[in-house]
Amino acid sequence: MSRRIIHIDMDAFYASIEQRDDPALRGKPVIVGGRPNERGVVAAASYEARKYGIHSAMATSRAIKLCPHVMLVRGRMSHYRDISKEIRAILYSYTQLVEPLSLDEAFLDVTECIEEYGSASKIGREIKERVRNETQLTCSVGVAPNKFTAKIASDLKKPDGFVVVRPEKVKDFLKDLPVSRIWGVGRATESRLHELQINTIGDVRRFELHDLVREFGKWGARLHELSHGIDERPVSADRETKSISRETTFARDIMEMGKLQEVLIELAKEVRDDLQNENLKARTLQIKVRYADFTTITRSFTFKEHMDQLEILQETAQLLLRHKVEPDPQGIRLIGIGVSNLTDERPQMPLLKELDSSGQNDLTRLLQDLRSSFH
Amino acid sequence: MNFTCTKSDITFGVKIASRAVGSGSTLPILAGIKMQTKGSELQLIATDLERAIMVTVPIENKGSEGAYVLNGQLLSKITGMLPDDKLSMKLDENGDKVVISSGTATFELLLQPVEDYPQLPEPPKETLLTIRRDRLVRALERTAFAAMSARETSRLNLTGVDIVTKGDKLRMVATNGYRLALKEEMLSGKTVEGEYLIDADTLKELHSILGGFSDETIKVAHKSDHLFFITSKMIFAARVIQEEYPNIERVIPKENKMGLYLNRDALFGALQRAEITTTPESGAVILEVTDSLLYIRSSSAEKGQTEESIPLLKPADPIKISFRGEYLIDALRRMSSSEVVLWLKDSESAGLLETVDDEEDQGFLYVCMPIRMD
């Protein structure tokens with residue numbers, strides 16, 4: 001029996017929240033992001049702003065060039081997170097099989113709830129309705145037998161879209177869509193596909209599996225499956241938050257180690273605050289460094305147990321920078337910290353104080369262990 | 001070596017000795033069982049250097065006295081499968097093999113070099129204490145499980161059971177740092193004051209072995225770094241861990257005024273059912289008192305949830321607390337009381353489980369820290 005998967009994607013989430021909260025912003029081009037003189041990027045753009053060709057991840061300075069009267073708003077992450085929680089609560093009222101991809105996007109597997117609610121499209125409609133009533137925000141919903149198709153469906157009629165793809169219509173639905181809709185199709189791949197006269201997803205089907213594998217390797221097999229509307233990936237309800245990260249782009253490229261260390265300490269504190277807000281602990285810490293020429297490297301460290309102590313996170317970030325990152329005369333443009341491998345398990349309280357990992361003795365021991373693993 | 005004996009005697013002896021046979025990975029000879037004939041007795045000896053067992057079985061000795069080492073695993077297999085009730089064992093003509101004959105079957109086993117076998121610790125003349133076997137067995141059963149497994153920790157002291165002797169009492173304590181089991185037993189007579197930390201896994205072996213003996217009492221002796229448990233047929237030597245045991249007095253709750261009186265079977269059953277839907281990481285089960293009922297719940301995102309309520313035998317104030325279900329089950333499984341009482345203070349302090357009135361559970365205490373709730 002085929003599955004029923006719903007993909008829900010909030011429309012211009014951060015920007016819509018700002019427009020909802022501040023009437024002065026409504027109907028105007030709005031971007032949420034960092035300031036242009038700090039080389040910030042656009043985190044979200046309202047639909048009015050998108051008409052000017054502005055999109056997320058674009059440099060703020062470029063967005064302002066495209067639309068000089070655009071209204072720039074500083075992001076309020078913790079506020080967005082709270083609203084995201086409200087939305088997730090709606091989703092969880094239908095099923096526990098919810099896989100959040102980010103604050104504004106999630107998959108639901110409602111195969112098991114059909115009997116109770118009648119149909120997946122009914123659930124999809126109801127979710128749209130409730131999100132609108134309870135948050136005054138709109139979302140786009142795609143309903144399909146698998147994740148791949150559901151995600152394409154939700155994107156098709158954005159904003160406020162609602163697209164249902166019946167199992168027997170999946171192949172038809174995909175046929176005329178551009179091949180770039182498939183995940184993993186970047187510019188380079190796209191031009192190779194075009195050389196093979198592959199422009200639509202339907203075009204892919206003209207090729208045998210072994211031809212695609214010869215041409216694209218393992219990814220070719222995936223391409224073959226997807227073009228036939230096959231995507232077996234389960235909706236995994238593991239965890240709400242999969243990672244937390246913070247980064248800073250410098251107004252000028254930085255070469256001094258001391259300055260970088262300082263910023264890392266600050267970012268580590270923000271990441272720790274996020275962890276605490278969500279009652280999470282992390283096992284893996286990663287730092288990200290982007291050099292002036294945009295080459296980006298990441299270096300990570302995995303702890304023996306889950307951590308949330310500020311001192312540990314700060315020390316680990318600094319050790320990674322000091323021991324695992326090559327200094328480069330061109331300077332560093334961006335630095336960031338991320339934590340992953342998160343758990344929200346409540347702790348078993350210790351009977352013996354010496355086992356209390358929040359205790360000071362243990363912190364000293366952990367720091368010593370940490371330092372010695374970098375030598 | 002040349003003797004005959006019954007299959008049941010040799011099987012018993014080999015089975016007991018096997019409990020101390022080493023893996024042979026550090027010292028190959030330790031994978032062997034040393035057999036020593038002495039008059040009308042055969043001593044079977046095994047050690048992994050942490051523990052040592054010497055068990056005696058009766059034989060009809062037809063040869064001289066001597067000592068030989070045979071592979072322990074082979075010996076277990078062979079004695080367990082002998083076709084006849086009797087067997088004979090003797091050295092072959094060249095003196096490098098042992099021939100075991102029983103009914104229609106004959107085995108020839110290669111000898112291991114007896115001179116490589118380590119010297120076993122020997123018990124002193126004086127005993128430290130004498131204790132009824134059933135009492136020692138129940139003290140071991142109710143404590144050793146609570147220690148930390150050596151595989152999980154580098155904190156050597158928590159892998160042991162702390163044995164304290166004083167006056168006419170013995171007290172065993174084991175903890176993994178999150179829960180603690182304590183059992184006090186009366187001795188048969190007085191003892192010298194002392195404290196001995198013994199590996200919990202070793203004592204679990206001792207516990208299972210002691211069931212196979214019929215001695216009324218067990219003698220315990222101490223010499224340098226070994227504790228000896230002595231029956232008429234066996235000496236079990238356990239190495240004393242040279243570590244300091246944490247001060248446990250301070251973690252035994254003394255101000256838990258709220259007592260939940262419960263039927264043990266009912267609580268045990270409900271917890272076992274609630275365990276099914278706990279999350280694997282915390283194993284958390286929530287206990288909540290409302291209207292003279294104890295509600296037991298668990299839930300996990302992947303599995304679903306369980307709820308059950310059992311009657312409180314005495315009224316109690318409302319309270320909500322979460323424990324690792326497994327920890328409570330571990331203790332309840334080993335108790336014999338029909339009625340138990342769980343003493344609580346608040347949802348962030350240790351709970352204390354004990355018997356209401358049961359002879360075997362007398363002197364048993366179980367302390368368990370909760371899981372913090374949001």
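Every chain is numbered from 1 and lettered A, B, ... according to where its sequence line falls, protein lines coming before strand lines.
- Partners of A/R371 under the salt bridge (charged side-chain N to carboxylate O under 4.0 Å, His left out) rule, at least two apart in sequence or in another chain, are A/E315.
- Looking at B/Y327, only its side chain comes within 4.5 Å of chain A, counting heavy atoms on both sides.
- Within a 6.0 Å radius of NZ in B/K204, more than 12 heavy atoms belonging to other residues, nucleotides or ligands are found.
- Both the backbone and the side chain of B/L180 come within less than 4.5 Å of a heavy atom of chain A.
- Heavy-atom neighbours of chain A within the stretch residues 341-350 of chain B, taken at a separation under 4.5 angstrom, comprise B/E348, B/A350.
- If you measure heavy-atom distances from B/S322 to chain A, you find no contacts under 4.5 Å at all.
- No more than 12 heavy-atom neighbours from other residues, nucleotides or ligands sit within 6.0 angstrom of NZ on B/K314.
- The side-chain hydrogen bond (donor to acceptor under 3.5 Å, both in side chains) check on A/S154 picks up A/H7, with sequence neighbours excluded.
- Heavy atoms from other residues, nucleotides or ligands lying under 6.0 Å from CD of A/E134 number more than 12.
- Within 6.0 Å of the CD atom in B/E195, the count of heavy atoms belonging to other residues, nucleotides or ligands exceeds 12.
- Checked against salt bridge (charged side-chain N to carboxylate O under 4.0 Å, His left out), A/R272 has no partners two or more places apart in sequence or in another chain.
- Rounding to the nearest 0.5 Å places CG of A/L351 at 8.5 Å from CZ of B/R250.
- Under a cut-off of 6.0 angstrom, the local environment of CZ in A/R76 is crowded, with over 12 non-hydrogen atoms contributed by other residues, nucleotides or ligands.
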